[in-house]
Number of protein chains: 2
Amino acid sequence: MAAMPNQHHVTDPDLSTVWLRVFLEVARHGSFTVAARTLGWTQSAVSRQISSLEGALGGAPLFDRLPRGVRLTEAGRILAPYAESVTEALHGAGRELAALREAAGGRLRFGAFATADAALVPQALAAFRARHPRVRVSREEGLTPVLLDRLTAGHLDLAVVSTTGGAPLEPYELHHLLDESLYVAVPADHPLAAQGPVRLARLADADWISGSPRPEGTLLDAALRQDFRPRVAHVVGEWTAKQGYVAAGLGVTLVPALAAASVRPDIALLPVLDEGAPARAVYAATARGRSLTPAGEAFLATLREAAGQLRGA
Amino acid sequence: MAAMPNQHHVTDPDLSTVWLRVFLEVARHGSFTVAARTLGWTQSAVSRQISSLEGALGGAPLFDRLPRGVRLTEAGRILAPYAESVTEALHGAGRELAALREAAGGRLRFGAFATADAALVPQALAAFRARHPRVRVSREEGLTPVLLDRLTAGHLDLAVVSTTGGAPLEPYELHHLLDESLYVAVPADHPLAAQGPVRLARLADADWISGSPRPEGTLLDAALRQDFRPRVAHVVGEWTAKQGYVAAGLGVTLVPALAAASVRPDIALLPVLDEGAPARAVYAATARGRSLTPAGEAFLATLREAAGQLRGA
DNA sequence: CCCATCGATGCGACAAGCGAATGTCTAGCA
DNA sequence: TGCTAGACATTCGCTTGTCGCATCGATGGG
């Protein structure tokens with residue numbers, strides 16, 4: 001096989017530092033010529049490489065040139081273990097970076113708002129862990145603005161957020177996951193329970209149960225678009241408690257589609273007919289300008305899949 | 001001061017691997033521009049250096065480019081500790097090599113024949129340890145041919161040997177230390193004791209005490225050159241025992257100058273008048289072709305000094 | 001005593017990588 | 001809203017490090 005000329009412009013596949021490889025190869029074989037063959041170089045290149053290394057080290061020879069090959073000097077014997085440990089570290093770095101690249105390592109820190117944790121996130125997370133078991137995942141729960149702050153601060157790689165009102169597009173990259181329709185939760189024996197889909201306006205006079213006394217920025221925001229201001233009869237934050245209030249006939253409440261599956265049987269869910277924009281959109285947000293880890297990319301893809309399945313259902 | 005153009009041909013003073021320094025400097029300052037200033041480069045060089053490093057690492061960005069500087073990505077955060085440990089190892093190697101170069105470290109393995117240990121070697125060794133306290137010294141005692149074998153095998157860096165007959169010049173480098181004159185040891189009450197220097201021929205009929213039954217290759221070799229074959233009456237190897245035999249009047253023996261100082265008072269030493277070549281020469285031998293460590297060089301110099309002092313005395 | 005082997009070196013060529021200048025993008029400000 | 005400053009990216013020309021090839025000198029073995 002003819003020697004391939006001038007292939008030294010090929011970038012090192014890993015981090016290797018040329019003289020390290022050369023030095024260790026020569027030390028291993030005790031011969032410039034053999035080392036050159038191993039490296040796919042000529043003997044002269046190895047000779048000069050070692051020579052310049054010795055020069056850079058203050059002129060101390062690393063090898064004794066014997067008539068049959070070479071032999072480590074004391075200086076070379078000192079350098080050798082360091083060279084070994086350096087190559088070991090470099091290979092370690094290479095391995096770890098490769099693992100990161102294939103999302104087979106590293107970490108993923110994400111956050112999600114509460115109702116996303118009802119179905120979307122667990123589903124995506126299960127699939128993700130199955131596919132990338134070696135990624136260390138940490139999860140936070142929080143409200144959209146809190147999560148976005150955490151994202152900006154660099155404490156999160158990705159956040160599953162919802163637009164409740166104006167979308168804060170500014171320093172974030174929003175990846176649309178799904179548009180969420182709303183349900184009205186009423187007691188099973190409520191007059192509307194059997195009627196199917198309803199317009200929100202039909203409930204303008206109902207007692208509402210909400211997480212906040214003011215409808216702005218909550219799901220009830222949708223009511224404002226229907227030109228009525230809902231009367232909040234009870235302020236109840238916790239979802240399970242809310243259901244209790246509804247079941248007891250104390251009022252009605254809005255339920256996002258993501259939480260629809262986890263509703264107790266004595267409550268009826270009526271789809272909301274809303275000719276305007278859908279109640280809210282769910283996005284995966286990432287910090288603009290900050291590169292997403294491969295694990296993050298993979299999780300984002302998994303979120304999209306999960307969202308697609310939920311949309312289909 | 002005008003920037004000095006194109007000084008990148010200056011060989012690295014230490015082992016640094018360019019991209020390592022650049023990467024760490026950028027990581028430390030969070031800015032290509034500042035890192036460039038620190039390195040004495042231009043910003044473009046840093047940019048390209050990082051870029052090609054990222055390319056070599058599989059295309060994963062190491063930094064996020066923000067409008068105000070840069071920031072480590074996850075990949076960069078993985079690489080950083082490895083880079084630190086690599087530079088640490090390289091600096092460690094540099095330090096240790098520097099120590100070796102200044103004979104402030106490393107090891108020195110030497111051997112010497114027995115009588116050299118009477119004065120020459122201890123004197124040199126004391127001075128050497130005072131000057132180079134951090135060199136680990138190991139010492140062997142043995143006969144010249146044994147020491148030379150150990151030298152060839154690479155178990156010794158240096159051997160203090162004497163020429164008893166033909167000098168085996170072949171694979172050794174011999175550094176002449178001193179020429180040793182001989183003394184005849186006789187009982188203090190011996191007829192010759194008061195006469196001062198004697199010719200060896202005067203003792204042709206004496207009873208000799210020697211370490212070997214045959215004079216060849218021992219100090220008695222000198223007698224052969226005086227054309228008489230000494231009668232070996234007693235074979236005694238140990239030096240103290242030999243003195244006992246002489247003091248008891250059982251015979252006479254030859255004493256090398258190096259051992260002259262450690263003779264018991266009831267024995268008289270008579271300088272040997274020898275018109276031929278001196279009885280034997282003492283050399284420091286090193287393996288030819290094998291480079292001597294700085295510690296070895298220093299010890300060799302110290303041996304020369306000690307030899308000079310002994311010659312003067 | 002000649003020859004095989006191994007490292008060192010001169011030569012020509014190629015590209016890696018520098019500096020300098022310029023382009024592009026963003027943030028802050030009036 | 002347009003302007004300016006700061007920061008990284010890119011292009012161009014040129015120096016220089018380093019390769020392969022060919023050859024030399026030294027050293028042992030047959």
Side-chain angles (χ1 to χ4, degrees), chain A residues 1-12 17-19 21-22 25-27 29-56 61-73 152 170-171 287-291, chain B residues 2-12 17-19 21-22 25-27 29-56 61-73 152 169-173 287-291:
Chain A
M1 186 192 300
M4 195 180 310
N6 272 342
Q7 60 175 9
H8 73 280
H9 64 277
V10 174
T11 312
D12 296 12
T17 30
V18 196
W19 63 262
R21 282 243 313 275
V22 176
E25 214 62 48
V26 171
H29 292 105
S31 157
F32 284 19
T33 307
V34 176
R37 261 199 291 278
T38 307
L39 295 164
W41 286 1
T42 57
Q43 171 263 326
S44 80
V46 174
S47 174
R48 264 178 299 222
Q49 198 67 234
I50 294 295
S51 179
S52 82
L53 176 58
E54 290 171 332
L62 296 171
F63 296 96
D64 280 322
R65 275 67 166 181
L66 308 175
R68 291 278 185 257
V70 297
R71 205 186 146 114
L72 280 173
T73 63
T152 313
E170 312 172 26
R288 175 183 300 277
R290 189 141 67 227
S291 75
Chain B
M4 195 181 311
N6 272 341
Q7 60 175 8
H8 73 281
H9 64 279
V10 175
T11 313
D12 296 12
T17 31
V18 196
W19 63 263
R21 282 242 311 278
V22 176
E25 214 62 48
V26 171
H29 292 104
S31 157
F32 285 17
T33 307
V34 176
R37 262 200 290 279
T38 307
L39 295 164
W41 285 2
T42 57
Q43 171 264 326
S44 82
V46 173
S47 174
R48 266 176 287 120
Q49 198 67 235
I50 295 294
S51 179
S52 81
L53 176 59
E54 291 171 332
L62 295 171
F63 296 96
D64 279 322
R65 275 67 165 179
L66 307 176
R68 293 277 186 254
V70 297
R71 204 186 146 113
L72 281 172
T73 62
T152 314
L169 282 168
E170 312 170 29
Y172 306 105
E173 200 114 22
R288 176 184 301 276
R290 190 142 65 228
S291 76

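The chains referred to below are lettered A, B, ... by the order of the sequence lines, with proteins before strands, and numbering in each begins at 1.
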For nucleotides 6-10 of chain C, which of its nitrogen or oxygen atoms have a protein nitrogen or oxygen under 3.5 Å away, and what is each distance?
residue : atom : partner : partner atom : Å
C/dG7   : OP1  : A/F32   : N            : 2.7
C/dG7   : OP2  : A/T33   : N            : 3.0
C/dG7   : OP2  : A/T33   : OG1          : 2.4
C/dA8   : OP1  : A/R65   : NE           : 2.6
C/dA8   : OP1  : A/R65   : NH2          : 3.3
C/dA8   : OP2  : A/S47   : OG           : 2.5
C/dA8   : N7   : A/Q43   : NE2          : 3.0
C/dA8   : N6   : A/Q43   : OE1          : 3.1
C/dG10  : O6   : A/R48   : NH1          : 3.4

Taking NZ, NE, NH1 and NH2 as the nitrogens, is one of them in B/R48 or B/E54 under 4.0 Å from a carboxylate oxygen of the other?
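Salt bridge flag = no for B/E54 with B/R48.
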Spacing between [X] atom [atom1] and [N] atom [atom2], to the nearest angstrom:
X	N	atom1	atom2	value
A/L39	D/dC19	CG	C1'	13 Å
A/R288	C/dA27	CZ	C1'	14 Å
A/W19	D/dC19	CH2	P	15 Å
A/Q49	D/dG20	CD	P	11 Å

Hydrogens and angles aside, do B/D64 and A/S291 bring a side-chain donor and acceptor to less than 3.5 Å of each other?
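Yes.
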What closest approach, in Å, do B/R288 and B/E173 show between heavy atoms, and which atom pair accounts for it?
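That closest heavy-atom pairing would be CA-OE1, 4.0 Å.
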Is the side chain of B/T38 donor-acceptor paired with the backbone N or O of B/V34 at a distance under 3.5 Å, no angle test?
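Here the side-chain-to-backbone pair exists.
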Is the backbone of A/W19 close enough, under 3.5 Å, to the side chain of A/T17 for a donor and an acceptor to pair up by distance?
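No, the answer is negative, given that no donor and acceptor are paired below the 3.5 Å cut-off.
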For the residue pair A/V70 and A/L66, establish whether any side-chain heavy-atom pair is separated by less than 4.5 Å.
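They are not in side-chain contact.
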